[in-house]
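In listed order, ligands and their atoms are each counted from 1. Throughout, numbering of the chain's residues begins at 1 and tracks the sequence.
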Amino acid sequence: MATVLCVSNQKGGVGKTTTTNALTVGLAARGLRVLAVDFDPQGNLSFGLGAQRPVEDPRTIYQVLKKELPFSEAVQHMPDGFDVIAANLLLSALDIEFTGAGREYLLRQALAPVSGRYDAILIDTPPDLGLLTINAFTASDYIIIPVLCDLYSLQGLIQLNSTLRQVRMRSNPEIQVAGVLLNRFNNRERISQVVRETASNIAQSLGMPLFRTTVHTGVALTRAQVQQENMLAPGQRSRAVGDYRALVNELLQRKVVMKNG
Ligand SMILES: Nc1ncnc2c1ncn2[C@@H]1O[C@H](COP(=O)(O)OP(=O)(O)OP(=O)(O)O)[C@@H](O)[C@H]1O
Ligand SMILES: [Mg+2]
């Protein structure tokens, strides 16, 4: 069975999609069988990985959740060796279409039959704590929480933790925090050092590990996504790219994810 990781934070623009993209290409390059699930109606992950599907295209995660399409017809096999299941704006309708009991299990149920085909399933989530994010938490073994290096971002961890507590009580007692990931770190700013210490204290008080790896600011990350290039391809050499390679190593070393069979 695959290890399922979701990348989540209700705050917008903290690097959820960038992190999901980097881990997808990074783990695939290390020989793991990876499925990337775009679970954000913005469709940014689909775009960055070169797998976007317009609203007219009925082959996205939305149709799979609605049981209108088998997974095998929605999944895309990408040239760099990973699979993607795309999302677009239609996914935002899920909230009003599913109102009954068990609505938080839709993604978990959709992934269960294909879990054996992968080593890692990575889920990108929208910037809120609504039904889509609850579905991602319910489907996941681990959550990765990117945060920006400012003190407001750290406050958001407390709210996120309380949602996680509810999910543990209701739909997924097993979910663990793989780590809080400091993103857009800048060594030269004294505030970043203060944030690192504060983040470490807050994370510890919430029982969340902090990743050893921090991700520096690097325009290469944005450029790769805009140009739909592999963010961690051998030609990509910026410091931020190196940080994501280190994060891939950290996850493998800690055996959060591993190659099965
Ligand atoms: N370390 C970084 N250095 C430079 N730019 C970054 C870094 N991390 C993310 N970005 C850029 O910041 C923007 C927001 O990042 P991203 O889309 O990953 O955030 P998000 O949390 O997924 O946003 P949303 O909440 O809208 O889904 C993007 O343009 C991305 O390329
Ligand atoms: Mg995003």
### Nearest-0.5 Å distance that lies between atom CZ in Arg196 and atom OG1 in Thr214
5.0 Å
### Query
Touching ligand 1 at all, Gly218? Heavy atoms, strictly under 4.0 Å?
yes
#### Entry: Any N/O pair Thr125/ligand 1 closer than 3.5 Å
no
### Task
Salt-bridge test for Glu97 and Lys66: reply yes if a basic N is under 4.0 Å from a carboxylate O, no otherwise.
yes
### Query
Under 4.0 Å between a Lys/Arg side-chain N and an Asp/Glu carboxylate O for Asp119 and Arg33?
yes
### Message
Starting from atom 10 (N) of ligand 1, what is the nearest protein heavy atom, named by residue and atom, and what distance separates them?
### Response
Arg184 NH1, 3.8 Å
### Message
Hydrogens and angles aside, do Thr163 and Gln166 bring a side-chain donor and acceptor to less than 3.5 Å of each other?
### Response
no
### Query
Do you see an N/O/S atom of Thr17, backbone or side chain, under 2.8 Å from the Mg ion (ligand 2)?
yes
### Task
Measure from atom 8 (N) of ligand 1 to every heavy atom in Asp128, Asn183, Leu221 and give the option owning the shortest one.
Asn183
### Query
Tell me: protein heavy atom nearest atom 31 (O) of ligand 1, and distance?
Thr222 OG1, 2.8 Å
### Message
Test your reading of the model: is there a side-chain donor-acceptor pair from Gln10 to the backbone of Pro127, 3.5 Å cut-off?
### Response
no
### Task
Output yes when a protein non-hydrogen atom is found under 4.0 Å of atom 28 (C) of ligand 1, and no otherwise.
no
### Task
Number the atoms of ligand 1 from 1 as they appear, then name those within less than 4.0 Å of a heavy atom of Val14, with their elements.
19 (O), 20 (P), 21 (O)
### Summary
One should read off an interatomic distance between Met1 CE and Ser115 OG, to the nearest 0.5 angstrom, of 4.0 Å
## Note on the structure
atom 19 (O) of ligand 1: closest protein heavy atom, distance to 0.1 Å, is Gly15 N, 3.0 Å
### Part of His216 with heavy atoms under 4.0 Å of ligand 1, whether side chain, backbone, both or neither
backbone
### Message
We want to know whether Asp83 and Tyr118 form a side-chain donor-acceptor pair, criterion being a heavy-atom distance below 3.5 angstrom.
### Response
yes
### Query
At a 4.0 Å threshold, what atoms of ligand 1 neighbour a non-hydrogen atom of Gly12?
25 (O)
#### Entry: Any side-chain donor near an acceptor of the partner, Gln52 and Gln228, under 3.5 Å
yes
### Query
With only distance considered, is Thr217 within less than 3.5 Å of ligand 1 through an N or O on each side?
no
### Summary
Scanning both residues in full, the closest heavy-atom pair of Thr125 with Asn9 reads OG1-N, 4.4 Å
### Query
Which residue holds the protein heavy atom closest to atom 24 (P) of ligand 1, what is that atom called, and what is the gap in Å?
Gly13 N, 3.5 Å
#### Entry: Atoms in ligand 1 flagged as close to Pro127, the criterion being non-hydrogen separation under 4.0 Å
25 (O)
### Task
Decide whether an N or O pair under 3.5 Å exists between Thr17 and ligand 1.
yes
#### Entry: Backbone of Gly43 reached by a side-chain donor or acceptor of Asp40 within 3.5 Å
no
### Task
Considering only non-hydrogen protein atoms, determine which one is nearest to atom 25 (O) of ligand 1 and report residue, atom name and distance to 0.1 Å.
Lys16 NZ, 2.8 Å
## Note on the structure
The reported gap from CD in Gln176 to CD1 in Ile143 (rounded to nearest 0.5 angstrom) is 12.0 Å
### Query
Considering only the protein, which heavy-atom contact is closest to atom 15 (O) of ligand 1, and what is its distance?
Thr18 OG1, 3.7 Å
#### Entry: Heavy-atom protein contact below 4.0 Å for atom 13 (C) of ligand 1
no
### Summary
With heavy atoms and a 4.0 Å threshold, my read on which part of Asp40 contacts ligand 1 is side chain
#### Entry: For Gln225, the ligand 1 atoms whose distance to one of its heavy atoms is below 4.0 Å
31 (O)
### Atoms of ligand 1 close to Gln42 [distance to a heavy atom under 4.0 angstrom, numbered from 1]
24 (P), 26 (O), 27 (O)
## Note on the structure
If we number the atoms of ligand 1 from 1 as shown, the ones under 4.0 Å from a heavy atom of Val215 are 1 (N)
### Query
So, does Asn135 use its side chain to make a donor-acceptor pair with the main chain of Leu131 at under 3.5 Å?
yes
### Summary
Interatomic distance, CG@Leu107 vs CG@Leu65, rounded to 0.5 Å, equals 6.0 Å
